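We're numbering straight along the sequence, starting at 1. Everything quoted here is computed from the prediction, not taken from an experiment.
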Amino acid sequence: MTARFAEHDHLSLRGAFAAVTMGGMTIALLHGDDRELLQALIGRKAFDVVVHGHTHQVGVRKLGGTLVVNPGETCGYLTGRPTIAVLDTVARDVELLSL
């Protein structure tokens with residue numbers, strides 16, 4: 001996968017955490033089950049959006065000024081419901097889509 005990503009200048013492969021800025025929003029991307037870390041990212045209010053996974057439990061909520069998104073799972077193996085989340089950086093809203 002690393003070799004395939006390296007073929008494109010506009011792509012980068014990240015680890016369990018990444019901080020990105022897109023569409024004027026600061027976004028934290030976290031994959032893992034560290035609840036304390038997740039709560040710290042939300043509580044610091046350093047990000048407009050915190051996207052987290054690992055639990056496969058789809059959901060969108062607003063905590064303080066932070067939009068917290070769990071897109072669920074794209075494969076649907078555990079829940080039987082494959083889902084993704086689409087972030088609209090203009091409206092600052094998320095749409096959950098079933099695949």
Side-chain angles (χ1 to χ4, degrees):
M1 193 160 33
T2 301
R4 293 303 303 264
F5 269 68
E7 295 172 5
H8 305 276
D9 293 335
H10 63 282
L11 297 178
S12 64
L13 189 60
R14 305 288 181 94
F17 176 79
V20 298
T21 301
M22 300 190 90
M25 299 180 81
T26 56
I27 304 166
L29 304 168
L30 174 66
H31 185 265
D33 57 358
D34 188 333
R35 301 300 299 166
E36 189 174 341
L37 176 57
L38 178 61
Q39 293 306 316
L41 290 171
I42 296 166
R44 300 273 316 200
K45 300 178 183 173
F47 297 98
D48 298 305
V49 181
V50 174
V51 180
H52 66 99
H54 193 72
T55 65
H56 300 255
Q57 300 300 311
V58 67
V60 176
R61 63 190 192 273
K62 191 90 166 191
L63 295 174
T66 305
L67 187 59
V68 182
V69 180
N70 187 331
E73 60 175 345
T74 57
C75 62
Y77 290 147
L78 296 179
T79 64
R81 182 179 172 218
T83 57
I84 60 170
V86 178
L87 173 63
D88 181 335
T89 59
V90 175
R92 294 182 173 242
D93 193 21
V94 172
E95 182 179 6
L96 296 171
L97 301 175
S98 294
L99 301 177

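Residues Leu67 and Val20 fall within the same hydrophobic cluster, defined by Ile, Leu, Val, Met, Phe, Trp and Tyr side chains chained together at heavy-atom separations under 4.5 Å. One hydrophobic cluster, built from ILVMFWY side chains closer than 4.5 Å, cannot hold both Met25 and Val68; they sit in different ones. The same ILVMFWY cluster, assembled from side-chain heavy atoms under 4.5 Å apart, contains both Leu30 and Ile42. Linking Ile, Leu, Val, Met, Phe, Trp and Tyr residues whenever their side-chain heavy atoms come within less than 4.5 Å places Leu29 and Val60 in a single cluster. With hydrophobic clusters built from ILVMFWY side chains whose heavy atoms lie under 4.5 angstrom apart, Val58 does not share a cluster with Leu97.
Nearest approach of Ala19 to Phe47, heavy atoms of both residues: CB-CE2, 3.8 Å. Between His56 and Asn70, the shortest heavy-atom distance links the atoms N-ND2, 4.4 Å. In plain terms, the two heavy atoms of Val51 and Val49 that are nearest each other are CG2-CG1, 3.8 Å.
Counting only distance, with no hydrogens or angles, the side chain of Thr83 and the backbone of Pro71 share a donor-acceptor pair below 3.5 Å. Between the side chain of Glu73 and the backbone N or O of Thr79 there is at least one donor-acceptor pair closer than 3.5 Å.
Using a 4.5 Å cut-off on side-chain heavy atoms (C-beta onward), Thr74 and Pro82 make no contact. Side-chain contact between Thr21 and Thr26 is present, with at least one heavy-atom pair separated by less than 4.5 Å. Here the side chains of Leu41 and Phe17 are in contact, with some heavy-atom distance below 4.5 Å.
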Under 3.5 Å donor-acceptor pairs involving side-chain atoms of residues 85-94, not counting sequence neighbours:
from, atom 1, to, atom 2, distance (Å)
Asp88, OD1, Val90, N, 2.9
Asp88, OD1, Ala91, N, 3.0

Check: residues 2-12 side-chain donor-acceptor pairs under 3.5 Å, at least two apart:
from, atom 1, to, atom 2, distance (Å)
Arg4, NE, Glu7, OE1, 3.3
Ser12, OG, Arg14, NE, 3.3

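Summarising the local packing, CZ of Arg61 is surrounded by more than 12 heavy atoms from other residues, nucleotides or ligands at distances under 6.0 Å.
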